[in-house]
Trainee: 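Dropping a structure here in structure tokens format, bear with me for questions.
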Amino acid sequence: MKKLVTKLVLVMFSTLPFVIYSAENSDYNMPVGVTEVSQSIFGLHMLIFWVCVVIGVIVFGIMFWSMWKYRKSKGAVAADFDDNFWLEIGWTVAATAVLIWMAVPSTQVMVQAYDDAEGEINILVTGHQWKWHYEYMEDEVSFFSNLSTSQEQIDNKIPKGEFYLLEVDEPLVIPINTRVRFLITGNDVIHSWWVPDFAVKQDAVPGFINTAWTNVPETGIYRGACTELCGIKHAFMPVVVRAVEMEEYDAFIAEKMVLAEAERMLTSKEWTKEELMERGESFYMTNCVACHQANGKGIPPVFPALEGSEVVLSDSAKQIEILMDGIQGSAMQAFGDSYSEVDIAAVITYTRQAWSNGKNGDGAIVTPKDIVDYKNKIDL
Amino acid sequence: MSTVVETHDHDGHHGPAKGLTRWLFTTNHKDIGTLYLWFSCLMLFIGGGMAMVIRAELFQPGLQIVQPEFFNQMTTNHGLIMVFGVIMPAFVGLANWMIPMQIGAPDMALPRLNNLSFWLLPMAFGILLSTLFMPEGGPNFGWTFYAPLSTTYAPSTVNFFIFSVHVMGVSSILGSINIITTIFNMRAPGMALMKMPLFVWSWLITAYLLIAVMPVLAGVVTMMLMDINFGTSFFNAAGGGDPVLFQHVFWFFGHPEVYIMILPAFGIVSHIIETFSRKPIFGYSSMVYAMASIAILSFVVWAHHMFTVGMPLAGELFFMYSTMLIAIPTGVKVFNWVATMFRGSLTFETPMLFSIGFVTLFTIGGFSGLMLAIVPADFQYHDTYFVVAHFHYVLVPGALFGIMAGVYYWLPKWTGNMYDETLGKLHFWLTFISVNVTFFPMHFVGLAGMPRRYPDYALQFADFNAMISVGAFMFGITQLLFLFIVIKTIRSGKQAKPEVWEGAGDLGLEWTLSSPPPYHSFTVQPQVK
């Protein structure tokens, strides 16, 4: 019944025929969502919508009726009045009353949605150009979440999958029936973290930590997007959240902790050039291609080429410094704090061997130990 | 103030100069008005061309025509050009033409300043557009240019953009000073403030808004310039600055700016509705008070553009309530227009059709605006196509329809020729249909979750995006018809009478002048009863 009403309203809102089509696809209304807050917001949305429809029908009704009734071609003669004190007072008061009536539920929902008390689980969400980083504050587990749709799909070379641009390599995992608080910030420019089904949209501003919260009652995969323009890959950093049972969540965290431990062990391992190359290439393809491109030629002058670059050819110390600390005032961010020594070493080694660089440069191999040494030097 | 009183015929030996210098050195309000209007028309097609690129790319999912970095330059420049290069100059052009004629003055009060404020504009937009041909490309950070994307992470051409905005700002401020001075000093005897035509009132209020907020815009771009080139950290968190400060300053300019782009349209539409209803405007004084209240309220609602930025609860609620308040004066205006038509004697010439289109579609834009004011709901609408639908409804069938209505309404007065009514009506209907096919489905894709400024999108948005693109192409092509109609009217057409529209002779001083009017509108001040 509620759905039917929604459809009727959508049809009434406009006389244009395509509206009928869209009304039949309830995908084209705001999602009801799964949380209490998202459902209250949906209710509020429909309420305001109805109010607008009623006002619209009355005002446009009178207007179109007047246009029909008082048209000159039918011999209408203009009356001679140009004000009516009580009428004007009347509609001003009526408009004010309607607004006050609307402000009450709006305020209630706002107070419900706005709550920055600590969660049972607290997750630090950091927007990077152009990926999300999630850190589980209690468990010291963290990872990046990158778009997993292939470039071939975006370039129309192969058919697009069902979740085109709405899929990531590692979704955020949260338990159901648990108060989860998100602490949201930005690493470089402003991003915005949005999951429509939770009605959570919060800007990720560098230097600020904003909060949002949710409590999801149903397991499922919830997809969202970055909603603040953040540069060329703004459309390519979706949000995917997997809500699971508590047991599954615990297992996920445990597994992540084991992986993190293994990752730390890798730093002390002796690495061969081939192993570093392989790891470096996959890191490069995930994290570097957006700017420096798969062929290493970049998009000059904003994103410089790595192929043939002086630094990449012959100055490994400088390259380590750039990777670790970034370049102030440019899009090159500091990777040192976000990634392991192994990854940094591997990608440096890869770029020094790849394309024509291995042939033309010194082809120096950088090991995780070099990165650890660099970090220690800075600490002193 | 001009007090020239001469009895001999003025126009015989003192017409416009010949050739290019007429336009370069002109100090005549009509010539400058014409320049403004043609400049705006040129920019409409340039900015519109960019919109066509955007819609062509969004016709299907995937990247086909342009890459994201160029797409971002298109959205940014489309916005900047339409706001600063089309809507604002068109209104200034109409003000230049009509204010002296409506208040019974020979010209604007400061004619040389008038020339300067126009010629700054081609310079500003020349600078802005030149960046598109530079190696790093033009501005790509959205027309709202949020820091730090527009500072630390911007292409170096941002400096040209900043300079261009400064020049536009100077132009607007000079233009506003001129308008205020003209209105206060050059009204015909007997024209009290509360007897001024509503278009003059709307521009008086707009000019004050411009003078109040253009310096704020200049301030914010200067802060950017310092951050980029001189090592300050106004908006750089790493240096102790605050990226959100940018948004507060920008929108303190930006919200009054929104009303700068609509108030003059309110004035135009009020004149047209009373003319074609053959009945004086209902509630003249409440119209004036409504415009003044909208202008005043526009200074206290800016943060409703920033509901998701992380404000305290009290802040969110304050800006929600203040924004909802704006619905009252705006509603009063709509009620007044409807009441003017009620018991009138209506005909539906092209200007009237555009005005009715304005009232209807602007009100729909107002409804979505009211929905956006509701903070919790805004969490879902913010930065989606719902917002794009909203502001295009108030700017295209709002501001742009107002301008087109005004052009059709006054074109016979300006040129002395009637436009082709059949073509005008055709233009209206094609425009009206395509504008809705373009912008109405944007509500749905927005609600369904498509964020704005996306060069590529998920598959569920494909159908509506294809429809939006078809509507946009239709809208774009239709405006060539508008250009054709205007040129045709300038070159030929049925001779227009001085009052042009039946009964308009009593409605304003401009209709007492010949069509076309003399080069110096009123050389002898008329007496207003």
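Below, all heavy atoms of this structure are taken into account, side chains as well, without hydrogens, waters or symmetry copies. Note on naming: letters A, B, ... go to the chains in the order of the sequence lines (proteins, then strands), and numbering restarts at 1 for each one.
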Trainee: What part of B/F70 gets closer than 4.5 Å to chain A, counting heavy atoms only: side chain, backbone, both or neither?
Mentor: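 For B/F70, no heavy atom lies under 4.5 Å from chain A.
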Trainee: Show your working on side-chain contact (heavy atoms from CB on, under 4.5 Å) between B/L325 and A/L99 and close with a plain yes or no.
Mentor: CA-CA 8 Å; B/L325 270 184; A/L99 288 173; 5.8 Å; no
Trainee: My understanding is that only residues two or more places apart in sequence, or in another chain, count here; which of them pass side chain to side chain donor-acceptor pair (under 3.5 Å) with A/K160?
Mentor: A/N156
Trainee: For the candidates A/P238, A/P206, A/G207, which exhibits the highest count of non-hydrogen atom pairs separated by less than 4.5 Å from chain B?
Mentor: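 Most pairs with chain B among the choices: A/P206.
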Trainee: Under a 3.5 Å cutoff, is there a donor and acceptor pairing between the side chains of A/T107 and B/Y321?
Mentor: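 Result is yes, a qualifying pair exists.
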Trainee: Less than 3.5 Å apart, any donor N or O on the side chain of B/S286 or A/E88 sitting next to an acceptor on the other?
Mentor: yes
Trainee: Could you check which of B/G331, B/G449, B/G142 has the highest count of heavy-atom pairs closer than 4.5 Å to chain A?
Mentor: B/G449
Trainee: Using non-hydrogen atoms and a 4.5 Å limit, figure out which bit of A/F85 sits close to chain B: side chain, backbone, both or neither.
Mentor: neither
Trainee: Using a cut-off of under 4.5 Å on heavy-atom pairs, state which of A/F64, A/F163, A/F81, A/F208 scores highest against chain B.
Mentor: A/F81
Trainee: For a quick test of reading the model, state the closest non-hydrogen atom pair linking B/G310 to A/N210 and the distance between them.
Mentor: CA-OD1, 3.5 Å
Trainee: At a heavy-atom separation under 4.5 Å, does A/I232 approach chain B through its side chain, its backbone, both, or neither?
Mentor: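 Contact with chain B is through both the backbone and side chain of A/I232.
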Trainee: Do you know which of A/D188, A/V109, A/L44 has the most heavy-atom pairs with chain B at a distance under 4.5 angstrom?
Mentor: A/D188
Trainee: Out of B/E274, B/E316, B/E69, B/M324, which one racks up the most heavy-atom pairs below 4.5 Å with chain A?
Mentor: B/M324
Trainee: Are a donor atom and an acceptor atom from the side chains of B/H443 and A/Y28 found within less than 3.5 Å of each other?
Mentor: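 Absent: no donor and acceptor within the cut-off.
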Trainee: Measure B/N140 against the heavy atoms of chain A and call it side chain, backbone, both or neither at under 4.5 Å.
Mentor: backbone
Trainee: What option among A/Q129, A/M67, A/Q112, A/R223 has the most heavy-atom pairs under 4.5 Å with chain B?
Mentor: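 The option with the most such pairs is A/M67.
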Trainee: With a 4.5 angstrom heavy-atom cut-off, which part of B/Y146 approaches chain A: side chain, backbone, both or neither?
Mentor: side chain
